[in-house]
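Inspection log for the structure reproduced underneath, given as structure tokens.
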Amino acid sequence: MSLRGSCLCGAVRYEINGDLRGVLNCHCSMCRKAHGAAFRTRASVRSGDFQWSAGEHLLTFFESSPGNHRGFCRICGSPMVSKFEHDPSQLGLPLGALDDDPGVRPEMHVFVSSKAPWYSITDNLPQFAGFPMRLGRGPINAEQPE
Ligand SMILES: [Zn+2]
Ligand SMILES: [Zn+2]
């Protein structure tokens, strides 16, 4: 499976050859602010399955929590990937920048204790106040699913 993604201005582009895992909607305040939205839909991707096609030099990384770096296009501000110092083998991928259908869908809502008061969850996916501990190790990033 090959997936393409790009930022709003089109200067930053990437391609993924591999599976996306751990798709979830994160309602934490950092994700809400980083995306200017009710929540961030994100997945995990293996670093080795991900490659930049264009504009990697235009990325700026912001360390939103210790060791977690959110990368965005410095021209248009689109969030592109997150890098984790504790696990360089994985990237956090916001699905909003995808140009292709990844075939996977969100499986849960996390950090709903930080949910925006003006947004109501209307689907039947499981909701977690924080991050479910059973997912705290392995393919999904630990405490903060950035
Ligand atoms: Zn851009
Ligand atoms: Zn979050």
Side-chain angles (χ1 to χ4, degrees), residues 2-16 19-47 50-102 104-146:
S2 179
L3 286 174
R4 293 161 302 161
S6 58
C7 64
L8 176 59
C9 76
V12 179
R13 298 178 178 278
Y14 61 75
E15 187 171 318
I16 295 167
D19 297 328
L20 302 187
R21 290 156 297 145
V23 186
L24 52 81
N25 296 330
C26 185
H27 296 259
C28 85
S29 60
M30 290 188 292
C31 285
R32 289 196 283 108
K33 290 178 184 292
H35 290 257
F39 54 84
R40 159 187 176 97
T41 303
R42 59 84 72 199
S44 293
V45 60
R46 284 180 212 85
S47 301
F50 182 99
Q51 64 180 32
W52 298 106
S53 311
E56 184 178 2
H57 64 287
L58 294 172
L59 289 166
T60 295
F61 283 86
F62 171 67
E63 189 171 9
S64 56
S65 54
N68 288 8
H69 302 262
R70 294 175 187 250
F72 57 91
C73 171
R74 70 165 170 255
I75 298 175
C76 68
S78 296
M80 303 304 287
V81 295
S82 290
K83 293 182 178 179
F84 312 111
E85 289 179 12
H86 71 276
D87 187 4
S89 71
Q90 307 282 330
L91 295 170
L93 187 82
L95 267 54
L98 285 174
D99 295 310
D100 298 315
D101 183 353
V104 291
R105 300 292 182 262
E107 298 163 3
M108 65 186 77
H109 298 273
V110 303
F111 289 104
V112 295
S113 59
S114 302
K115 183 178 74 61
W118 46 263
Y119 180 76
S120 297
I121 297 172
T122 56
D123 59 42
N124 294 318
L125 294 174
Q127 299 181 22
F128 297 92
F131 198 66
M133 285 312 293
R134 67 185 173 82
L135 301 175
R137 295 182 188 81
I140 296 182
N141 180 44
E143 306 303 321
Q144 293 289 340
E146 300 177 62

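Numbering of ligands and ligand atoms starts at 1, following listing order. Counting begins at 1 with the first residue of the sequence.
- Counting only distance, with no hydrogens or angles, the side chain of Arg74 and the backbone of His57 share a donor-acceptor pair below 3.5 Å.
- Note: His69 NE2 to Glu63 CD = 4.0 Å, rounded to the nearest 0.5 Å.
- Geometry about the Zn ion (ligand 2) gives an angle of 110° between SG of Cys28 and SG of Cys31, rounded in steps of 10 degrees.
- The side chain to side chain donor-acceptor pair (under 3.5 Å) test with His109 singles out one residue from His27, Lys115, Gln127, and that residue is His27.
- Looking at heavy atoms from C-beta onward, Leu24 lies out of side-chain contact with Phe128 at the 4.5 angstrom threshold.
- For Phe50 and Tyr14, the ring centers sit closer than 6.0 Å to each other.
- For the Zn ion (ligand 1), the count of nearby protein N, O or S atoms, meaning those under 2.8 Å away, is 4.
- Judged purely by distance below 3.5 Å, without hydrogens or angles, the side chains of Arg46 and Ser44 never pair a donor atom with an acceptor atom.
- Using a cut-off of 2.8 Å, one finds that His27 contributes no N/O/S atom close to the Zn ion (ligand 2).
- Between the side chain of Ser114 and the backbone N or O of Cys28, no donor-acceptor pair lies under 3.5 Å.
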